[in-house]
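Just so you know, these numbers use all the heavy atoms, side chains as well, and skip hydrogens, waters and symmetry mates. Proteins get letters first, then strands, A, B, ... in listed order; numbering begins at 1 in each.
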Amino acid sequence: MSLNQTSESSAIRLWPGIGILSLVAIAMFVPRLVVPQTMVHFISMFAGPPLGLLLALIWWLFLAKVRGPMRWLVPAFVVLPAIGLALTLYKSTELAVVIFAVPFVLAIWVGWLTIRGRHDRRFSVSGCSLQS
Amino acid sequence: MIAWGVVGQLRFDGLEGDFRPNISWRWVPSEEERFLAGVVKPDVGQQADKAVIAAAPGDWPEFRGSNRDSIVTGVSIDPDWTSHPPKLVWKKRVGPGWSSFAIVGDHIFTQEQRADQECVTCYSTGTGKELWEYRHPGRFEEAVSGVGPRSTPTFSDGRIYAMGAMGHVACLDAATGREIWSADVVKSLNGTIPQWGYSSSPLVVKGVCIAYVGGGEGKGLAGFDSLKGTLAWTAGNAVHSYSSPHRATLDGVEQVLLSSEVGVESVDPATGKLLWRHDWNIPGMNRVTQPAIVNGTDLLVGTGVGPEQGTRRLHVSKKEADWSAKPEWTSRAMKAYFNDGVVFGGHLYGFDTSRFVCVQLDNGKLIWKDGGRNGNGQVLLLTDQGLLIILAADGSLAISEATPRGPKELARIPALEGKTWNHPVFHGGRLYLRNPQEMACYELKMK
């Protein structure tokens, strides 16, 4: 996607993405410290990242104010490789994709948008172009 | 896409006990790949006519020794490892697996994964040379806990009884590895493969091979005729346990205990009749460690996961035909997950998750807790000298005094490379250690 295509649109609403990433981080690390090795810990550890990914997709598609092809391409670039890796290179260790790789990619995705946002008023859209 | 590209270059090698991931680059050969590249086929024919192997005092015929308690009696070693450190006799690669060793005479028995086969293997104590292997198709692989069989072979009357991670039970000739009978507790008894794979070591008592099934509702355990493999009985309600059947004599009666998510169940080994049970249900969770027998009436059970973490002391008694199992105390001082403890001198020494602790047996109170240097390790007790030998999760080997006065580590040596959750074994003045990538024999200076 080029900048021209996106500059018409308003800036991406980024705060929900940051909030979702924060929630994923909390789910991964806080129960481990507060209630270690309990059902709460395990559920948050294993379900937090995929739920976070789902929320991130909802945010990007419907709440982030992204227009144009990037609205659909970015989710595809996040979800399809995850499925592909889980079925191939990570077959039998697919859980690693869910609990470690998904948060890593979410952090790169949202982190990149945040960093770009400090330098560019349209911030995240150009960032996505580069990222994708 | 760049981020996913990086992820695609990584290989996930499981988790540490504290859930930190083990990650390596995909282009670096895994320990399993290195092992498979160098596997030397045993000369099975040479072993086929060997005489029957018989156990003798001092042998280590099953998981955690004869009493499944990791206690060594009647030996005295030089504890000064600074001057006389354990001497490496041999070290070699081994296939992945969390199995420990059974050692009888000059034979070591263990389990390991070799590509798509679960293997029971036999090695020489003197050289580490492989003597025979028994292969069965199957590969249990799981993201958190890794690859390979988990349980330890059991030696009894010239035979080896082993359980794979997917529920295959095999009875083998200990001299040759020839299969005598086998059973599949998943297919034949509706057992449920636990989340981390079958980890329970079979127990042979009174001509019955007792194996964990996890089928619930009367099929928690199964007893097979140890000679023929025919099903003798099923019993118990466990559906999620990594603990092994445990022989005990309580209030004068020999029985078999199983610690599981439902609590503790006790059965008559000959008939499978339920003698007593203590309900301590942790739905969806599990128990891993062995019951620790305190004396002729009391035992300890516990877990390090779930809503009720900790250790409980039970007092078991029998009045005519009625059994009772009453809790004496429950303590959170030791929340052992998969790391067994040892009982010595009125105290319990073991792991509170990844911290080594000493707990008072009378009341369950914490006496001391170490700094966590051993991680999720495993411990042996040399009871004559009150010494603890701890194989730490990082593969280092420590010797400590078993004393309530505080953690007294005497020395520590690097022993194995890589994550080590397997139980160490003492046999004939030597320590036998392994993890999913290597096995080693160290000679100790005896007194």
*By a 4.5 Å heavy-atom criterion (distance strictly below it), what part of B:Gln309 contacts chain A: side chain, backbone, both, or neither?*
side chain

_Counting only non-hydrogen atoms closer than 4.5 Å, does B:Arg11 touch chain A with its backbone (N, CA, C, O), its side chain (CB onward), both, or neither?_
backbone

*A:Leu85 portion near chain B, given a 4.5 angstrom heavy-atom threshold*: side chain

*Does any heavy atom of chain A fall under 4.5 Å from the side chain of B:Ile23, the backbone, both, or neither of them?*
neither

*Give a yes-or-no answer on whether the side chains of B:Arg287 and B:Thr303 include a donor-acceptor pair shorter than 3.5 Å.*
no

_Those residues that, when tested against B:Asn339, pass side-chain hydrogen bond (donor to acceptor under 3.5 Å, both in side chains) (two or more places apart)_ = B:Asn376

*Just by distance, with hydrogens left out, do B:Glu118 and B:His136 show a side-chain donor and acceptor under 3.5 Å apart?*
no

_Row check, A:Trp60 ring normal vs A:Arg71 NZ/CZ: under 6.0 Å, within 45°_ = no

_Contacting moiety of A:Ala82, where chain B heavy atoms sit under 4.5 Å_ = both

*Is the distance between the ring centroids of A:His41 and B:Phe19 less than 6.0 Å?*
yes

